[in-house]
Amino acid sequence: MGEVARLDRGGSPPLPAAVAAYLATLSGTEQHQTRRAYRSTLRALIAEFAPADPATGKPVPFAVEAFDAEENVDHLTDWFGQQWNDRAAATFNRHLDTIRSAVAYWQDQPGWLSADPTRRLRRRGRSPDRTRALSVAEIEALFELDAPIREKTLWRLLYESAARSSEVLALDVQDLDLRNRKAKVTRKGSAVDIIVWQTGTARLLPKLINGRKKGPVFLTDRKARVALAADLDPATGKARLSYRRAEEIFTELTRPLAHPDITAPAELAAAQSWTLHQLRHSALTHAAESGANTSTLLSYSGHTSVTSLARYARVSPEALARWQAKRDPDRRR
């Protein structure tokens with residue numbers, strides 16, 4: 001756990017100390033991923049409102065109670081919009097929820113903060129997106145792509161298990177049951193669950209692990225600059241592969257597959273590519289198309305409600321057309 005700054009009594013603390021105090025409440029082992037994600041958002045908040053003075057290296061004085069001032073509410077609203085207005089609704093909401101969680105903690109501390117400075121911001125509703133599942137042919141082309149063993153294993157495991165990227169990237173070697181093709185993961189809400197995979201992943205995982213007994217399954221290419229015991233392979237000194245880096249590599253390598261009709265390098269570089277999340281989306285869609293029932297899909301996805309599952313397990317127009325063709329009475333005559 002990181003150090004928590006000692007807070008003086010009377011008035012509110014400086015923003016960096018208030019952030020440290022809040023993050024200290026997320027100290028449970030099961031909250032490790034949440035703490036890391038929240039820290040990133042709150043560091044951006046500190047960088048905006050209490051940046052380091054170039055002359056002294058110390059943060060510019062900014063007490064948490066200053067967020068009660070209307071000019072700082074305006075500032076936060078404008079800054080947040082500049083940061084995340086052009087991002088997906090889920091990303092926008094995640095960063096907003098992070099700041100609001102910290103704000104709620106600060107409001108509970110006597111004399112720190114009286115009002116919510118994010119009150120002018122509104123969470124975004126997710127617009128329906130029914131085109132994100134990749135086709136079976138696209139998945140097959142992906143698996144035939146010439147890519148490093150780490151990426152091949154990650155992509156296979158994400159598709160075959162239908163697990164979230166964060167769940168798979170958080171796996172340690174000790175979590176794997178290679179013989180039985182399964183692993184223990186921590187789902188949303190800190191629920192412990194089991195994911196399973198098929199032959200493709202079963203063939204790749206031993207090659208990737210290469211005899212390692214502990215440490216993260218998916219590692220960075222280089223040794224870590226800062227040693228974090230929970231996210232470090234003791235044998236190589238390499239760190240756990242981050243979601244951001246895994247997504248960057250996936251985007252770069254799969255863009256030609258996503259846009260086979262684009263040949264100009266400049267146009268291809270600017271084109272939108274597939275995302276890692278589409279592997280989970282595709283796995284659930286294909287399972288639904290194969291006839292998996294609701295109970296199986298809930299277990300496969302780790303969802304706890306049918307409503308959450310529905311947006312992923314919607315069959316494709318092509319599969320719907322095949323189903324209609326099979327049951328067409330005139331075609332059978």
Practice task
Measure up the Phe49 and Trp79 rings against each other and bin them: parallel (under 30°), tilted (30 to 60°), perpendicular (over 60°).
Solution key: perpendicular
Practice task
Might you point out which heavy atoms bring Ala183 and Leu176 nearest each other, and give the distance in Å?
Solution key: CB-CD2, 3.8 Å
Practice task
Kindly state each residue pair satisfying salt bridge (charged side-chain N to carboxylate O under 4.0 Å, His left out) with at least one member in residues 246-266, sequence neighbours excluded.
Solution key: Arg245-Glu248
Handout entry: Smallest separation among heavy atoms of Arg164 and Glu167, with atom names
Key = NH1-OE2, 2.6 Å
Exercise for the section: Establish, yes or no, whether a centroid distance under 6.0 Å links the rings of Tyr159 and Trp155. Expected result: no
Fill in the blank from the handout: d(Ile99 CD1, Leu121 CG) to nearest 0.5 Å is 8.0 Å
Completion exercise
Between Leu76 and Pro117 the two heavy atoms that sit nearest each other are CD2-O, 4.0 Å
Problem - Positive for side-chain hydrogen bond (donor to acceptor under 3.5 Å, both in side chains) with Arg124, one of Asn85, Asn93, Thr91 - result: Asn85
Practice task
Mind listing the closest non-hydrogen atom pair of Arg122 and Arg100 along with its distance?
Solution key: N-NH2, 4.5 Å
Exercise for the section: State, without any angle test, whether Thr199 and Arg181 hold a side-chain donor-acceptor pair at a distance under 3.5 Å. Expected result: yes
Problem - Atom pair CD/CG of Glu151 and Leu145 - distance to nearest 0.5 Å - result: 10.5 Å
Practice task
Decide whether a cation-pi geometry holds between Arg156 and Phe143; the criteria are a distance under 6.0 Å from NZ or CZ to the six-membered ring centre and an angle within 45° of the ring axis.
Solution key: yes
Problem - Lys188 side chain vs His303 backbone, donor-acceptor pair below 3.5 Å - result: no
Handout entry: Whether over 12 other heavy atoms sit under 6.0 Å from Arg87 CZ
Key = no
Practice task
Compare every heavy atom of Leu169 with every heavy atom of Ala246, then report the nearest pair and how far apart it is.
Solution key: CB-CD1, 4.3 Å
Handout entry: ring-ring contact (aromatic ring centres under 6.0 Å, His included): pairs with one or both residues in residues 188-210, sequence neighbours excluded
Key = none
Problem - For the student: nearest non-hydrogen atoms of Ala115 and Asp68, plus distance - result: N-OD1, 3.1 Å
Exercise for the section: Decide, yes or no, whether a salt bridge links Asp172 with Arg240 under the criterion of side-chain N to carboxylate O below 4.0 Å. Expected result: yes
